[in-house]
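Counting begins at 1 with the first residue of the sequence. This is a predicted model, so every value here is computed, not measured.
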Amino acid sequence: MEDFIRVLVTPLLDYPENLTITMIENPNEIVYQLSVHSEDMGKIIGKQGRVAKSLRLLVQCAALRKNQKVYLEIC
């Protein structure tokens, strides 16, 4: 899943080397924390949060195929 997130996010970034993805596993869910350069934050969030919503939706749909609950946090 981490590779899938990296493939989705990297083309949006000006500073892809600063992309870090941290996975936190809980008994009922998996949380991926996405951290990017401060100048790239607006590109990841998008206008009115549309890009962030789309990324979260794609990650959740991919997780459903594996019967997992996955959340994406943008830090």
Which residues satisfy the salt bridge (charged side-chain N to carboxylate O under 4.0 Å, His left out) test with Glu25, sequence neighbours excluded?
none

Residues passing the side chain to side chain contact (heavy atoms under 4.5 Å, CB included) test with Gln60, sequence neighbours excluded, are Tyr71

Those residues that, when tested against Gln68, pass side chain to side chain donor-acceptor pair (under 3.5 Å) (two or more places apart)
none

Tell me the salt bridge (charged side-chain N to carboxylate O under 4.0 Å, His left out) pairs involving residues 44-57, sequence neighbours left out?
none

Could I get the full list of side chain to side chain donor-acceptor pair (under 3.5 Å) partners for Asn28, not counting sequence neighbours?
none

If you link ILVMFWY side chains whenever their heavy atoms are less than 4.5 Å apart, which other residues fall into the same cluster as Ile45? By chain and number, please.
Met1, Phe4, Ile5, Leu8, Val9, Leu12, Leu13, Leu19, Ile21, Met23, Ile30, Tyr32, Leu34, Val36, Met41, Ile44, Val51, Leu55, Leu58, Val59, Val70, Leu72, Ile74

Please give the remaining members of the hydrophobic cluster of Leu57, linking ILVMFWY side chains under 4.5 Å, ordered by chain and number.
none

Does Tyr15 have any side chain to side chain donor-acceptor pair (under 3.5 Å) partners at least two apart in sequence or in another chain, and if so, which?
Glu39

To the nearest 0.5 Å, what is the distance between CD on Glu73 and OG1 on Thr22?
10.0 Å

Sorted by chain and number, sequence neighbours left out, salt bridge (charged side-chain N to carboxylate O under 4.0 Å, His left out) with Lys43 holds for Asp14

According to salt bridge (charged side-chain N to carboxylate O under 4.0 Å, His left out), does anything in residues 61-71 pair up with another residue at least two apart or in another chain? List the pairs.
none

Which other residues end up in the same hydrophobic cluster as Leu64, if Ile, Leu, Val, Met, Phe, Trp and Tyr are linked when side-chain heavy atoms come under 4.5 Å apart?
none

Quick one: side chain to side chain donor-acceptor pair (under 3.5 Å) partners of Asn67, sequence neighbours excluded?
none

